[in-house]
Amino acid sequence: MVTIQSPLFRIGAAIAGAFVLSGCLGSGDKYPSLAVRDGERIAGTFEPVTRPPAAPVSNPAVLAGLPAIEARADSAYEAFQVAIPGVESAIASARGSSPESNQWAAAQIALAELDSQHSQTAIALADIDLIYAEASSEFALGQEIAELRAKVAVQVMAQDQILRALRQQVSP
């Protein structure tokens, strides 16, 4: 049995260490230098690229459907606004009632009808998004599409906030 303190073990460890260290020695010509090369130095300046103005949409039929979609979105948004007081009234009468009560059920139905109006606005936004995607695939975003999309997106977000606030008032 060979122990760590035996002379045989010490000689074997020294020989193994010499072999391992000899692998580290060698010609420095085999390996590339790790020094920074001229091409790796930072030099020069970069100018920002300006984006060309948006080209008009090449398919006029795409733009022809926008007024109808805008009318649908505006109509749904107005119907949503008109329905809010009725929903608030239903929620006010349901305050303090349990989910098993008729008042709570009426408030839920009123919220569902308001949610339906919200869905109509969201559907109009989805239709605009389809037109937006089609125009962007042609690399020609029309300003009309972008403006209408932004307008209807703001309407949908406003409706989302109103619905969220109303739902918190009627939660059990």
Side-chain angles (χ1 to χ4, degrees), residues 32 34-172:
L34 296 178
V36 177
R37 295 175 183 89
D38 290 336
E40 297 171 335
R41 297 186 196 286
I42 298 174
T45 59
F46 294 100
E47 296 296 325
V49 177
T50 57
R51 186 175 180 177
V57 177
S58 61
N59 187 354
V62 169
L63 294 179
L66 286 180
I69 295 172
E70 183 175 15
R72 274 191 306 142
D74 289 342
S75 173
Y77 184 73
E78 288 173 21
F80 182 90
Q81 296 297 330
V82 168
I84 290 174
V87 174
E88 289 173 336
S89 174
I91 289 173
S93 67
R95 272 201 193 96
S97 62
S98 68
E100 295 85 21
S101 70
N102 288 337
Q103 293 88 0
W104 192 83
Q108 293 298 321
I109 291 170
L111 270 172
E113 290 172 357
L114 191 63
D115 209 3
S116 176
Q117 293 301 325
H118 169 65
S119 296
Q120 295 303 314
T121 310
I123 289 170
L125 179 61
D127 291 342
I128 295 167
D129 282 342
L130 285 173
I131 292 172
Y132 189 80
E134 182 179 322
S136 65
S137 69
E138 295 175 5
F139 300 105
L141 290 177
Q143 188 67 26
E144 304 89 14
I145 301 170
E147 288 173 1
L148 181 58
R149 183 175 184 262
K151 173 189 166 187
V152 177
V154 167
Q155 289 175 344
V156 169
M157 286 188 290
Q159 289 175 343
D160 284 337
Q161 289 176 342
I162 292 168
L163 281 168
R164 193 175 307 115
L166 291 173
R167 282 191 184 107
Q168 286 176 350
Q169 293 177 18
V170 78
S171 63

Short question: side chain of S89, backbone of P85 - any donor-acceptor pair under 3.5 Å?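 No; judged by distance alone, with no hydrogens or angles, the pair does not exist.
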Shortest non-hydrogen contact between [X] and [Y], atoms and distance:
| X | Y | answer |
| --- | --- | --- |
| A76 | Q120 | CB-CB, 3.6 Å |
| A107 | A90 | CB-O, 3.7 Å |
| T121 | Y77 | OG1-N, 3.7 Å |
| L114 | A83 | CD1-CB, 3.8 Å |

Audit row: L148, I131, side chain to side chain contact (heavy atoms under 4.5 Å, CB included) steps and yes/no: CA-CA 11 Å; L148 181 58; I131 292 172; over 6 Å; no
Checking R95 against Q169: is there a side-chain donor and acceptor pair closer than 3.5 Å?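 Note: Q169 and R95 side chains meet the donor-acceptor criterion.
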First locate atom [atom1] of [X], then atom [atom2] of [Y], and finally report the distance between them rounded to the nearest 0.5 Å.
| X | Y | atom1 | atom2 | result |
| --- | --- | --- | --- | --- |
| R167 | Q108 | CZ | CD | 8.5 Å |
| E88 | L111 | CD | CG | 10.5 Å |
| I91 | L166 | CD1 | CG | 4.5 Å |
| L125 | Q155 | CG | CD | 9.5 Å |

Apply the test side chain to side chain contact (heavy atoms under 4.5 Å, CB included) to residues Q117 and I84: give CA-CA distance (whole Å), side-chain angles for both, the deciding distance (0.1 Å), then the verdict. CA-CA 10 Å; Q117 293 301 325; I84 290 174; over 6 Å; no
